[in-house]
Amino acid sequence: MQEDYLLSSVASPRDIKGMSIDELEALCVQIRGKIIETVSKNGGHLASNLGVVELTVALHKVFACPQDQIVWDVGHQCYTHKILTGRLGRLDTIRQEDGLSGFPRRDESVYDSFGCGHSSTSISAALGLLNAKRLKNEPGKVIAVIGDGALSGGLAYEGINNAGACNRNFIVVLNDNKMSISRNVGSMARYLSGIRTRGIYLKTKSAVDKILSRVPLLGKVMRKAILKSTSTLKNLVYNGTVFENLGFMYYGPIDGHNLRELIKVLQVAKGKDRPVLVHVNTVKGKGYPIAEKNPKAFHGLSGFNIKTGAKGATSGDFSAVFSRELFKIAKDDGRICAITAAMKLGTGLTYFARRFKNRFFDVGIAEGHAVTFAGGLAAGGMIPVFAVYSTFLQRGYDQIIHDAAIQKLKIVLAIDRAGIVGADGETHQGLFDVSFLNAIPNVTVYSPSFFEEVGPMLRKAIYEVDGVGAVRYPRGAQLYKPEDFACNCDPFDVYGDLAGCETAIVTYGRLFSWACLARENLQLKRIKTCIIKLNRIKPIDNAAVMEATKFKNVFFFEEGMQSGGVGERFSHELTQAGFDGKFYLTAVDGEFVAQATVESSLHKLNLDAEGMEKIIAQRVDAFARQEKAGCSAV
């Protein structure tokens, strides 16, 4: 009863200010229970949220939000923060349509000082907030909370470099759990591992300070000289860190599940007049033994059984099919290399990594580096395949242009989670890759609709494309395929009887399945349609355009942005070919698509079978009436 009372009594951070350590620890237990219960039903990020419960409670105990501002990196660990800032009553709606976001959102709460969803942004954003306070002469502290995995992203170092030179209290909390999604890689991970083993630096530093303070006069001079020094002497006496060399006062490593210790160190950090980095060790999945044992599997979930940890069975997905096909190709071709940006599990490369260790590269959360690294491999005679979620490929845009396409280097982009992805919302929708790749010369893009098309299209991207090749595929399983449709992986397919057909649907990827269902329903309304299925969406095959000119009405449906998309390009090429019929494009136009199920989002956008059927029936009828009116006028 006491624990229930504590959780339900927290409506804002002010409500924990007067709680004792014992009460706060009891509150943490209740918060964990609530998070586990919620994620088991709604899905979401479990292990990362369980790992920061005490840290979040300590931050809100010590700092006065929203005057003080906490900036979360990635934001997939913000559930405790949401509970403590008045959103407990709506937590059951998290990641649901019109519910709470699974990430911080500025338009959701005054306590969410900066929105996010991608990695390594917190230090830069927090430093900007701090300087805004300075320029407006506003009070308050700013705290950036960043994970050790996010320190593999280059933007974090740009922020650290800039922040270390500021002369104000600026606090970075390094949440070190040895992981991003998989185990961390690289020299920073190795460096942090060394720090973890050497004891609490705060205590060591305090002990040295006490000894020097007992030496009359000379002690104070020595202490000041050592602290100002960047030499080996400082490292020898204080066992200094790279963060201090970059301008930060360093405290840690601290036990991230010891509330008393966390509160004490954060209070010390709060009182400094310079940049401070607090290094906190946490356990991903803390408090739920099944997640602690396997934090990778419990990073992001669509739901699970609390007692057993069992997750719902799946009927196969595009990531797994890509993985199998790449493995087959790599067995026969020693030039094939696989690259991931800390997403080995999510992109299906786990087995490849075990079998071909020397040809597998996890570069950490560094998509820009991954693309340029792939370019270097290609320039050296290898064939690199970079498997990456569409939403994260955006972070390597400059490198695709400058370090691959301009040089016509043979790299392959395996673009996972293309299109609508669902509950992760705006920051994770894969809706932009087609538009930005469309603008780049020397790039060829394939879009399979079904599992059996993945392998052949991947081979085309690897062996037939001169320059950057890309294969983009959606999250999850394949959809409906008519029994009489045969995949051939030519640049395009035409499905349906052309005789007497005046209306064409043009589309690509998984929307072909919805188009087939719409076609069947339209036949019942005596509207005969054919479907032009684009397999290679960049460049568009001229023969596909010429095929479309044979129809009176052409409807293009695209699960991507209208501006710069394939539909816009197809419309332009139709006009150039002399098409004088009616063209209608349905795509995502001028909006970020909010969180909801994939099915709900596609329905709202008129990109499912029902939406396609409705638009075509209405337009064909309108076209017919216009034509009839024109004839009557004559």
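Model, not experiment: these values are computed from the prediction. Residue indices begin at 1 and follow the sequence shown.
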Ser601 (side chain) donor-acceptor with Val598 (main chain) under 3.5 angstrom: no

Within the distance-only criterion (no hydrogens, no angle test), does the side chain of Thr340 pair as donor or acceptor with the backbone N or O of Asp362 below 3.5 angstrom? no

Quick one about Asp176 and His279 (side-chain donor to acceptor, distance below 3.5 Å, no hydrogens or angles considered), yes or no? yes

Ser447 vs Arg510, side-chain hydrogen bond (donor to acceptor under 3.5 Å, both in side chains): CA-CA, chis, key distance, verdict: CA-CA 9 Å; Ser447 184; Arg510 68 175 163 194; over 6 Å; no

Residue pair Phe304 / Val39, side-chain heavy-atom distance below 4.5 Å: yes

Have Tyr508 and Glu558 got a donor and an acceptor in their side chains that come within less than 3.5 Å? yes

List the steps, then state whether side chain to side chain contact (heavy atoms under 4.5 Å, CB included) holds for Ile263 with Val57. CA-CA 9 Å; Ile263 291 168; Val57 169; over 6 Å; no

Regarding Gln399 and Thr372, is there a side-chain donor-to-acceptor distance under 3.5 Å anywhere? no

When you compare the side chain of Lys538 with that of Val443, does any pair of heavy atoms fall below 4.5 Å? yes

Verify, without hydrogens or angle tests, whether Glu292 (side chain) and Ile290 (backbone) share a donor-acceptor contact under 3.5 angstrom. no

Check the pair Val412, Val468 against side chain to side chain contact (heavy atoms under 4.5 Å, CB included), reporting the backbone distance first and the verdict last. CA-CA 6 Å; Val412 176; Val468 178; over 6 Å; no

Any chance the side chains of Thr80 and Arg32 put a donor and an acceptor closer than 3.5 Å? no

Would you confirm whether Lys82, through its side chain, and Ser101, through its main-chain N or O, come within 3.5 Å as a donor-acceptor pair? yes

Lys/Arg N to Asp/Glu carboxylate O, Lys34 vs Asp92, below 4.0 Å: yes

Going by the angle between their ring planes, with limits at 30° and 60°, are Phe243 and Tyr250 parallel, tilted or perpendicular? parallel

Does Val278 form a side chain to side chain contact (heavy atoms under 4.5 Å, CB included) with Val172? I'd like the steps, not just the answer. CA-CA 6 Å; Val278 179; Val172 174; over 6 Å; no

Can you tell me how far CG of Asp107 sits from CG of Asp112, rounded to the nearest 0.5 angstrom? 9.0 Å

For Asp73, run the side chain to side chain contact (heavy atoms under 4.5 Å, CB included) check against Asn175, Val173, Ile146 and tell me which one passes. Ile146

Please tell me if the side chains of Ile83 and Leu7 come closer than 4.5 Å, counting only heavy atoms from C-beta onward. yes

Just by distance, with hydrogens left out, do Asn169 and Lys141 show a side-chain donor and acceptor under 3.5 Å apart? yes

Can the ring centroids of His428 and Tyr389 be said to lie less than 6.0 angstrom from one another? no

Decide whether Thr347 and Asp416 meet the rule of one side-chain donor and one side-chain acceptor closer than 3.5 Å. no

Residue that, paired with Asp148, satisfies side chain to side chain contact (heavy atoms under 4.5 Å, CB included) out of Asn281, Thr282, Asn177: Asn177

In terms of side-chain heavy atoms, does Ser390 have a donor or acceptor partner in Asp433 at a distance below 3.5 Å? yes

So, does Ser48 use its side chain to make a donor-acceptor pair with the main chain of His76 at under 3.5 Å? yes

Give, for atom NE2 of His118 and atom OG1 of Thr391, the distance between the pair rounded to the nearest 0.5 Å. 3.0 Å

Lys17, NZ: over 12 other non-hydrogen atoms inside 6.0 angstrom: yes

Geometric class of the Phe432/Phe592 ring pair [parallel <30°, tilted 30-60°, perpendicular >60°]: tilted

Please tell me whether His299 and Lys284 have a donor and an acceptor in their side chains that are separated by less than 3.5 angstrom. yes

Taking atom CZ of Phe318 and atom CD1 of Ile415, what is their separation to the nearest 0.5 Å? 14.0 Å

If we only count heavy atoms from C-beta on, is the Leu607 to Trp514 side-chain gap below 4.5 Å? no

Taking the six-membered ring of Phe298, is the NZ or CZ of Lys311 close enough (under 6.0 Å from the centre) and on axis enough (within 45°)? yes

Side-chain contact, heavy-atom cut-off 4.5 Å: Phe103 with Gln595? no

Quick check: do Ser113 and Leu129 have side-chain heavy atoms less than 4.5 Å from each other? yes

